[in-house]
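Okay, structure first, notes after.
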Amino acid sequence: MTKTLTAALLASAAFVGQAMACEITLRSSDTHPDGYPTVEAVKHMGELLQERSDGRICIEVFHSAQLGEERDTIEQTRFGVIDMNRVSMGPFNNLVEETKVVSLPFIFRSVDHMHRVMDGPIGEEILAGFEPHDLVGLAYFDGGSRSFYNSQRPIRSIEDMAGLRIRVMQSDIFVDMMTAMGASATPLPYGEVYSSIQTGVIDGAENNWPSFESSGHYEVAGYYTLNEHLIVPEVLVMSKQSWDALSPEDQELVRQAAKDSVPVMREMWAERERESEEQVRAAGVEIISDIDKTAFIEAMVPVYEKHVTSDALRDLVERIQATE
């Protein structure tokens, strides 16, 4: 015990010494736990940045929602209280209009299709949409394919969704998606999902393999349906205030380090998906993969009609769908 405490104190002292040696320490927020691919990707970005700046610039990552849930941290980042933030795209839907399109159900045909879109000019165009809102878009991370899980019954058809109370992120698109499928949408902070399923406040939620596993939601929701209704990239943003405080040379270092962290994140993500799936299956969760997505896709027509309301957004949808 004494050895463990001593090691912890030495590690803490080393980190403090490192931070003090840096001229600039950027505070970065993430709701996911330590070790999660997005958390590790930002740590890797910090290592690149420290090396390339000759030790002048560091990143301190606050994981596990230490600085608050996503909606709260977005506001803190806009006001410069937090320097950097890894956030799901959904909570940005009512702020950055362009993010609505990549949050639409079934907009991407596969994860590879999403990568081709977001790695190209369309992705750069969407990142630029953050700047009028006091944010600078740096890079996209993977959020995997999101599917439904619940504690009540297996979902094999859209009819099985009827009456289920499903947690969604705080986004109008996701609420309307659930309504169109016949379920009852319940927007809740991510940290409240486990206890809400456990106590019967909600019946389930929707997320990817790693989040389903790392959150422990598989312990209280025994049915996981691989309908893959959402393939939504996640985004790493920086406070415009913090960005403007950097020199143009340091801005370029930050932007390049962020982009160089993406391949590392994707590699970690693929491995984490495999590990999470194995753990969930081993726990005895019933996995439903024999599902026809056609009815789910057809039910999304009114969601597209409601949220794709301008020529610019319609053009964005068409260009995404046309990307091979």
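The first residue of the sequence shown is numbered 1, and numbering continues consecutively from there.
For the pair His32 (side chain) and His63 (backbone), a donor-acceptor distance under 3.5 Å is absent. Checking side-chain atoms of Glu60 against main-chain N and O of Arg27 turns up no donor-acceptor pair under 3.5 Å. No donor-acceptor pair closer than 3.5 Å links the side chain of Ser276 to the backbone N or O of Glu273. In terms of modelled atom types and a separation under 3.5 Å, the side chain of His229 and the main chain of Phe296 share no donor-acceptor contact. The closest donor-acceptor contact from the side chain of Arg146 to the backbone of Leu230 lies at 3.5 Å or more, if one exists at all. Between the Ser239 side chain and the Asp83 main chain, no donor and acceptor come within less than 3.5 Å of each other. Checking side-chain atoms of Arg56 against main-chain N and O of Glu23 turns up no donor-acceptor pair under 3.5 Å. Checked by atom type and distance alone, the side chain of Arg153 pairs as donor or acceptor with a backbone atom of Asp160 at under 3.5 Å. Here the side chain of Thr225 pairs no donor or acceptor atom with the backbone of Asn227 at under 3.5 angstrom. In this structure, Asn93 contributes its side chain and Thr99 its backbone to a donor-acceptor pair below 3.5 Å.
Side-chain contact between Pro105 and Ile173 is present, with at least one heavy-atom pair separated by less than 4.5 Å. At least one side-chain heavy atom of Ile288 sits under 4.5 Å from a side-chain heavy atom of Asp290.
Using a cutoff of 4.0 Å between basic side-chain nitrogens and carboxylate oxygens, Asp244 and Lys240 are scored as salt-bridged. A salt bridge between Lys43 and Asp30 is absent, with no side-chain N of the basic residue lying under 4.0 Å from a carboxylate O of the acidic one. Note on Asp142 versus Arg272: no salt bridge recorded, every NZ/NE/NH1/NH2 to OD/OE distance being 4.0 Å or above.
Taking each heavy atom of Asn85 and Thr73 in turn, the nearest pair found is ND2-OG1, 2.9 Å. Taking every heavy atom of both residues into account, Leu226 and Ser289 meet most closely at CD1-CB, 4.1 Å. For the pair Met178 and Ala185, the tightest heavy-atom approach, listed with the atom from each and the gap, is CB-CB, 3.7 Å.
Under the 4.5 Å side-chain contact rule for hydrophobic residues, Met114 and Phe92 share a cluster. Hydrophobic clustering places Ile107 together with Ile297 (ILVMFWY residues linked when any side-chain heavy atoms are closer than 4.5 Å, directly or through intermediates). By the rule that hydrophobic residues join a cluster once side-chain heavy atoms approach within less than 4.5 Å of another member, Tyr36 and Val262 end up as members of one cluster. Taken together through direct or relayed side-chain contacts under 4.5 Å among Ile, Leu, Val, Met, Phe, Trp and Tyr, Leu104 and Val102 form part of one hydrophobic cluster. In the hydrophobic cluster analysis, where Ile, Leu, Val, Met, Phe, Trp and Tyr join through side-chain heavy atoms closer than 4.5 angstrom, Ile166 is grouped apart from Tyr218.
Paired with His217 under the rule ring pair (Phe, Tyr, Trp, His ring centres under 6.0 Å), one option of Tyr224, Tyr190, Trp209 passes, and it is Tyr190. Screening Ile82, Ile74, Val81 for a side-chain contact (heavy atoms from CB on, under 4.5 Å) involving Arg78 leaves a single residue, Ile74. Screening Glu278, Glu271, Glu277 against Arg274 for a salt bridge (charged side-chain N to carboxylate O under 4.0 Å, His left out) leaves a single residue, Glu271. Of the options Val237, Val136, Val42, a side-chain contact (heavy atoms from CB on, under 4.5 Å) to Met84 is made by Val42 and by none of the others.
Around atom CD of Glu275, more than 12 heavy atoms belonging to other residues, nucleotides or ligands sit under 6.0 Å away.
Partners of Thr294 by side chain to side chain donor-acceptor pair (under 3.5 Å), not counting sequence neighbours, listed by chain and number: Asp292. For Ala65, the side chain to side chain contact (heavy atoms under 4.5 Å, CB included) criterion is met by Thr31, Glu69, not counting sequence neighbours. Shown here are the side chain to side chain donor-acceptor pair (under 3.5 Å) partners of Glu219, two or more places apart in sequence or in another chain: Tyr194. Every residue two or more places apart in sequence or in another chain was checked for a ring-ring contact (aromatic ring centres under 6.0 Å, His included) with Phe141, and none qualifies.
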Please step through salt bridge (Lys or Arg N to Asp or Glu O under 4.0 Å) for the pair Arg86 and Glu70, ending with a clear verdict.
CA-CA 9 Å; Arg86 191 290 313 160; Glu70 288 188 341; 3.2 Å; yes

Could you walk me through whether Asp203 and Arg165 pass the salt bridge (Lys or Arg N to Asp or Glu O under 4.0 Å) test, one step at a time?
CA-CA 5 Å; Asp203 298 311; Arg165 296 162 296 171; 3.0 Å; yes

Give the intermediate values and the outcome of side-chain hydrogen bond (donor to acceptor under 3.5 Å, both in side chains) for residues Asp260 and Gln256.
CA-CA 6 Å; Asp260 290 344; Gln256 191 58 50; 2.9 Å; yes

Donor-acceptor pairs under 3.5 Å, side chain of residues 118-130 to any protein atom, not counting sequence neighbours: which ones?
| residue | atom | partner | partner atom | Å |
| --- | --- | --- | --- | --- |
| Asp119 | OD1 | Arg266 | NH2 | 2.8 |
| Asp119 | OD2 | Arg266 | NH1 | 3.0 |
| Asp119 | OD2 | Arg266 | NH2 | 3.4 |
| Glu124 | OE2 | Lys259 | NZ | 3.0 |
| Glu125 | OE1 | Arg319 | NH1 | 3.1 |
| Glu125 | OE1 | Arg319 | NH2 | 3.2 |
| Glu125 | OE2 | Arg319 | NH2 | 3.0 |

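Within the structure, salt bridge (Lys or Arg N to Asp or Glu O under 4.0 Å) contacts touching residues 172-199 (residues at least two apart or in different chains) are Asp176-Lys306.
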